[in-house]
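Beneath this line is the structure, given in structure tokens, with notes to follow.
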Amino acid sequence: MRWSQTFIPTMKEVPSDAEVPSHQLMLRAGLIRQLMAGAYTFMPLGYRVVRKVSQIVREEMDRAGGVELFMPAIQPIELFERTGRKEAFGNVLFNLEAKRGDRNLQFALGPTHEEVITDLVSREIKSYKQLPITMYQIQTKFRNEERPRFGVLRTSEFLMKDAYSFGASIQQLNEAYDAMYNAYCRIFERCGLEYIPVEAESGPIGGDASHEFMAPADNGEDFVVRCSGCEYAANQERADTGRSSSIPPAVNDAADPRKVDTPRAGTIEDVSKMLSADPATFIKTLIYSVSNGDPDESSDENIPPKTVAVLVRGDHEVNEGKVRRALGASRLELANEATIEELTGAPVGFAGPVGIQCDYVADHDVALIKSAITGANEKDAHLTGVIPGTHFELTETHDLRNAIADDPCPRCDGTLETVHGIEVGHVFKLGTKYSESLNAVFLDREEQKHPIIMGCYGIGVSRVVAAIVETCHDDGGIIWPESVAPYTVELIPLNIKDEETMTTANRIYDELSAGGIDVLMDDRDQRPGFKFKDADLIGLPVRVIIGGKGLKEGNAEIKLRTDSQATKVPIGEACDYVRRIVSAG
RNA sequence: CGGGACGUGGCUCAGCCUGGUAGAGCGCUGCACUGGGGGUGCAGAGGUCGCAAGUUCAAAUCUUGUCGUCCCGACCA
């Protein structure tokens, strides 16, 4: 491709509303343009990358036994009502209405396709003989994000590869899951993207039923916790802390806690400043409203929610998923102010475990505090010298908080560290959630009906592109891995008005192109420095310079994007040289 | 959805506080020079100052509302 014949609008200045490197670089390199918040055009150069990533995904899906299909983006809302996800998605689901004659039709724009494909399978698959099968598509997904951000990393409309496996047994599910897991590893490897597979929230199946693939990046929205000593890695939502229960013995002759005035200090930060005390010596007491019962039964509306206090160390964060599991609760939310005032007799911010009038659960680390500061259940007052197990009862502790750096590893004697990550893929053992609600069943050998056992597997294709830019760049611009680069070679004739330069450049362009190498020739009438800057910005792996001093000596100058110095290669051997370094890469 | 910031030519921004002629650099068009890291000169084009209402003799500037964009947080199968 000749630069003058395509459309690559580069920018010298950083657009003011782009904050993270991938967003800035994708705009500056002319890969994307914004239409509105959360919606971007992929420009010719950017779309070539999307297609290269898609092709890698496709090849690996096929290799893993998947078959490709293509489903509609508009979907009847009724399917989401049947699976209960109309409510679960809430505002994230794009609803749309259309008139046909005098009927008002209700649609959703597909945020994902579990409903559509399960509906399809429920009609077409009847026998264990048709199973297992894994189907996938690469298609635009629509989610009305509350806050789209970071360019193409989080948008309301994005390109996703979604795959769904259907099996007659847990074993078939596990085989499909493992095949997808391995395919994902190959995909990210081939894309040149560093990745960490992490354990993720796994829902009803439990165990190792879900992994996310995280690309480590400072601007990632997710927190990954990983062990420095072993392979353990998990989403922070999910990570175990490796702490174990230890119940402190009651101290018999302990002094009573002392009440101190803490006027208007309702946060740990305020109180720790006021008392010059380390937040790690506080017991944070959060009051939750908890509903028990089966989440799928709507009858639990009648059971009034219970109030439970959750105790964690002052510098720790409660992990609601862990609390929910520890309590066997189906629903959990922070209690409202009125409930808290009624319970503790104090406004929010002054709750504590001593004398509190409700059940409570404590995190392991609470038991390890020798002498704690807690709320006094009284306005503008805290207690100091509170000894867990002595001043309030403590017979068991749980893992209730987010793991943080320096926590012990749950698997080995190493310690944990946290890194930011971009979630680029997710594999998930669904089980029978959708097959049951949409009646996708099969008959086994004994003519017994069973719901089909499903898995789902997603890769955010457009997000992968952004993640690659986010992790592969330097001060000058993008550094594309060869596998996904929009073109492999940038050919730069230094002066397009020089006849010898252009004759030579055109010959090399033709020869490389004929050999199947993607070449972009910068045939714009610009000065060399201008072209070099743009070349660094758009980041093609190989740069070939024709003209000037080099040409006079009979040489082309060839340089990898990652090299600092060019290599002089005789014009006649330039194409061979390029072919060699390209195939070696 | 809570909190914050910003909307002035295609891009980056100044002007606003203290009301009175709309500016700079880059980019764009033409010509000339130049030709190895975003060059130089000359001549041009291009702006309802996001939109609306209000105050005023007069509003980019003050007030109110509204829309848009970005950031932090909550949320995210």
If I pick the [atom1] atom on [M] and the same atom on [N], what distance separates them, to the nearest angstrom?
{"N": "rG54(B)", "M": "rG27(B)", "atom1": "P", "value": "43 Å"}
{"N": "rC6(B)", "M": "rU48(B)", "atom1": "P", "value": "24 Å"}
{"N": "rC17(B)", "M": "rG36(B)", "atom1": "P", "value": "49 Å"}
{"N": "rU34(B)", "M": "rG41(B)", "atom1": "P", "value": "15 Å"}
{"N": "rC16(B)", "M": "rA32(B)", "atom1": "P", "value": "42 Å"}
{"N": "rG7(B)", "M": "rA14(B)", "atom1": "C1'", "value": "15 Å"}

Checklist entry - Do H211(A) and Y181(A) make the cut of ring centroids closer than 6.0 angstrom? => result yes
Checklist outcome for this item: Closest to the 5' end of RNA chain B, once R85(A) and E146(A) are matched to their nearest nucleotides, is E146(A)
Next on the checklist: On RNA chain B, compare the nucleotides closest to M11(A) and V20(A); which residue's is nearer the 5' end?
Outcome noted: M11(A)
Next on the checklist: I'd like to know if R524(A) pairs up with D534(A) as an ion pair, taking the criterion as any Lys NZ or Arg NE/NH1/NH2 lying under 4.0 Å from an Asp or Glu carboxylate oxygen.
Outcome noted: yes
Checklist entry - Between atom NZ in K531(A) and atom P in rG39(B), what is the gap in whole Å? => result 14 Å
Next on the checklist: Measure CE/M454(A) against P/rA77(B) and give the value in whole Å, please.
Outcome noted: 16 Å
In terms of side-chain heavy atoms of [X], which of [options] is nearest?
{"X": "D534(A)", "options": "rG38(B), rG36(B), rG35(B)", "result": "rG38(B)"}
{"X": "T10(A)", "options": "rG38(B), rA77(B), rG37(B)", "result": "rG38(B)"}
{"X": "D536(A)", "options": "rG37(B), rU69(B), rA74(B)", "result": "rG37(B)"}
{"X": "M36(A)", "options": "rG73(B), rU69(B), rA77(B)", "result": "rU69(B)"}
{"X": "F532(A)", "options": "rG36(B), rC75(B), rG38(B)", "result": "rG36(B)"}
{"X": "E13(A)", "options": "rA74(B), rG36(B), rC11(B)", "result": "rC11(B)"}
{"X": "E557(A)", "options": "rG36(B), rA74(B), rG39(B)", "result": "rG36(B)"}
{"X": "F150(A)", "options": "rC72(B), rG36(B), rG39(B)", "result": "rC72(B)"}
{"X": "K559(A)", "options": "rC11(B), rG37(B), rC70(B)", "result": "rG37(B)"}

Checklist outcome for this item: Classified by glycosidic angle (syn within 90° of 0, else anti), rU21(B) comes out syn
Item to check | Test log, rule side chain to side chain donor-acceptor pair (under 3.5 Å), inputs E199(A) and N235(A) | outcome: CA-CA 6 Å; E199(A) 294 178 12; N235(A) 193 309; over 6 Å; no
Examine [N]: is either OP1 or OP2 under 4.0 Å from a nitrogen or oxygen in the side chain of [X]? Give yes or no.
{"X": "Q526(A)", "N": "rG39(B)", "answer": "no"}
{"X": "S16(A)", "N": "rC6(B)", "answer": "no"}
{"X": "R147(A)", "N": "rC72(B)", "answer": "yes"}

What nucleic acid atoms does [X] come within less than 4.0 Å of, heavy atoms only: base, sugar-phosphate, or nothing?
{"X": "A88(A)", "answer": "nothing"}
{"X": "R28(A)", "answer": "base"}
{"X": "D525(A)", "answer": "base"}
{"X": "G458(A)", "answer": "nothing"}

Considering every strand shown, what is the Watson-Crick or G-U wobble mate of [N] when both distances are under 3.5 Å?
{"N": "rC51(B)", "result": "rG65(B)"}
{"N": "rA32(B)", "result": "rU40(B)"}
{"N": "rG73(B)", "result": "rC1(B)"}
{"N": "rU12(B)", "result": "rA24(B)"}

Checklist entry - So which heavy atom on S156(A) is nearest to which on E145(A), and how close? => result OG-N, 4.4 Å
Next on the checklist: I'd like to know if K497(A) reaches the base of rG35(B) with its side chain, counting only an N/O donor and acceptor under 3.5 Å.
Outcome noted: yes
Checklist entry - Got a donor-acceptor pair under 3.5 Å from the side chain of R543(A) to the base of rG37(B)? => result yes
Next on the checklist: One pair to check against side chain to side chain donor-acceptor pair (under 3.5 Å): E269(A) and T267(A). What are the steps and the verdict?
Outcome noted: CA-CA 5 Å; E269(A) 197 190 345; T267(A) 66; 5.0 Å; no
Next on the checklist: Less than 6.0 angstrom from the centroid, inside 45 degrees of the normal: does K429(A) satisfy that with respect to the ring of Y177(A)?
Outcome noted: yes
Next on the checklist: Parallel, tilted or perpendicular, judged at 30° and 60°: which one describes the rings of Y47(A) and F42(A)?
Outcome noted: tilted
